[in-house]
Amino acid sequence: MYPAHFAEVSRRTADALARSHLDAVILHAGEPIGLFLDDQHYPFKAHPPFKWWAPLLDAPGSMIVFRAGSRPTLIFRVETDFWYQPATLPESWWPAHFEVIEVHSKQESRAALPKDLSKTAWIGDPLPELIGWGVGSINPPDLMRRLDFTRARKTPYEIACLAEANQIAAQGHRAAAACFRAGGSEYDIHQAFASACGQREQELPYNAIVALNEAASVLHYQVLRRDRPLEHRSLLLDAGASFAGYGSDVTRTTASAQGDFADLVDHMDRLQLGLCALAKPGIDWRDIHAAAVERITALLCVAGVLRCGADEALESGASRLFFPHGIGHLLGLEVHDVGGTMADDAGGTLPKPPRDPALRLTRKLEPGFVVTMEPGLYFIDALLGPARSGDHAKRIDWQRVEALRPFGGVRIEDNLAVTADGCDNLTRDALGFS
Ligand code: GLY
Ligand code: MN
Ligand code: MN
């Protein structure tokens, strides 16, 4: 599938260049970022516009030069440094598509570039050398907008990479669930996940959220406790895996025993599948978010967490205390992929619903979009604390909240690839439907 992807990326980039009145673009992989007063570097992450062309993830300083109508050049940077293993080009499906020039310094990179760069754009770190190199424009917003906008529509190759990233994450989620059932700590569960994925931490697309019990109420919980809690009530695991530069973003919530919380998880699972069934071309993602808010509100009423009617809960905003994030986002080379609120590639934006500032996607779905579907329902102290003494207090059954609070919350998150008439659920294909 890569040759067709490469051809499509070339076509879209040529179009964006022509409309930006530019001849060529240099895509920079990024430079290593050093620690203050130290000789170490932060883990290197290649820049997404570079990764779009090739899954070369470990060659900082490399560049891809594209000019419409000619074969792109990969300026492949190899450090001649006996402290580290120099990068090597993999024997893989993609390098043959490039004219490869190996370089060992920035000066050699400059020498490998065309002499006249006045009509060439650079996308990447704004290196101090660029002015002296005569680069015409650095990160020009119009070109970048055009590329960001079009990246929402994934090629079949990209969807296959995301499907593979889901297959790998599914192995991790299975191992993590087993570790939870065996009484592991958050740290143990994390290690079980990463090990089953075969990926070290810096290779994962984002820091895994491994939350036991109350911690599941913290949306981006970042702690990995080493101690094993006395009781394992619930696990919320939001963890993805990488493949060829693409990342999956998958959440499962597991209850350790039957009971009200386990029932809530089952209800959310069905609710999530119902929302997945709405994802198809032409639907405005803001409408899917609104449907999610409505359905979660209804569930909160049925579960006895809310005492008022669903209409009042919606209008007053009471139910948003329990679901304060967006229903999903674009997914691809970045976990929260670019272009989610772009109306077009000319600079227009599609506003977020005023009451839902955390929604990251406001576009209509198109075939090729890959999105997450991630309804959640949490018992968040930071939101419920102030509500206890406010206007919402009468709408909430606080005893019910107290009973469910020790479980933290529920999130179920799948990755959907929008097709011509619906969507493929990449996560359930990998993990199964139960
Ligand atoms: N893992 C972050 C998110 O679900 O958006
Ligand atoms: Mn997630
Ligand atoms: Mn997500």
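As the structure lists them, so they are numbered: ligands from 1, and atoms in each ligand from 1. As the structure is a prediction and not an experimental result, all values here were calculated from the model.
For the Mn ion (ligand 3), protein N, O or S atoms under 2.8 Å: 4 in total.
His28 and Phe50 have their aromatic ring centers separated by at least 6.0 angstrom.
Considering both main-chain and side-chain atoms, Glu413 comes within under 3.5 Å of ligand 1 through a nitrogen or oxygen pair. Considering backbone and side-chain N/O of Arg411, none are found under 3.5 Å from N/O of ligand 1. Below 3.5 Å of separation, one finds an N or O of His329 facing an N or O of ligand 1.
Between Asp344 and Arg145 there is no salt bridge, since no side-chain N of the basic residue sits under 4.0 Å from a carboxylate O of the acidic one.
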Do His289 and Phe323 pass the ring-ring contact (aromatic ring centres under 6.0 Å, His included) test, and can you show the C-alpha distance, the side-chain angles, and the key distance before you say yes or no?
-> CA-CA 11 Å; His289 179 79; Phe323 174 48; 5.7 Å; yes

Take Phe6 and Phe98 through the test ring-ring contact (aromatic ring centres under 6.0 Å, His included) and record every step on the way to the result.
-> CA-CA 10 Å; Phe6 181 87; Phe98 295 87; 5.4 Å; yes

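Less than 4.0 angstrom separates some heavy atom of Asp238 from each of these atoms of ligand 1: 1 (N), 2 (C), 3 (C), 4 (O). Atoms of ligand 1 found under 4.0 Å from any heavy atom of Tyr206 (numbered from 1 in listed order, with element): 1 (N).
Relative orientation of the Phe66 and Trp53 rings is tilted, given thresholds of 30° and 60° on the angle between their planes.
Side-chain contact check for Tyr378 versus Arg411: some heavy-atom pair is nearer than 4.5 Å. Using a 4.5 Å heavy-atom threshold, the side chains of His97 and Tyr2 count as touching.
In terms of protein heavy-atom proximity, atom 5 (O) of ligand 1 is nearest to His336 NE2, 2.7 Å. When hydrogens are left out, the protein atom nearest atom 3 (C) of ligand 1 is Asp249 OD2, 3.3 Å; that is the closest non-hydrogen contact.
In this model, no donor atom of one side chain and acceptor atom of the other lie less than 3.5 Å apart for Glu79 and Tyr84.
The closest donor-acceptor contact from the side chain of Asp287 to the backbone of Ile283 lies at 3.5 Å or more, if one exists at all.
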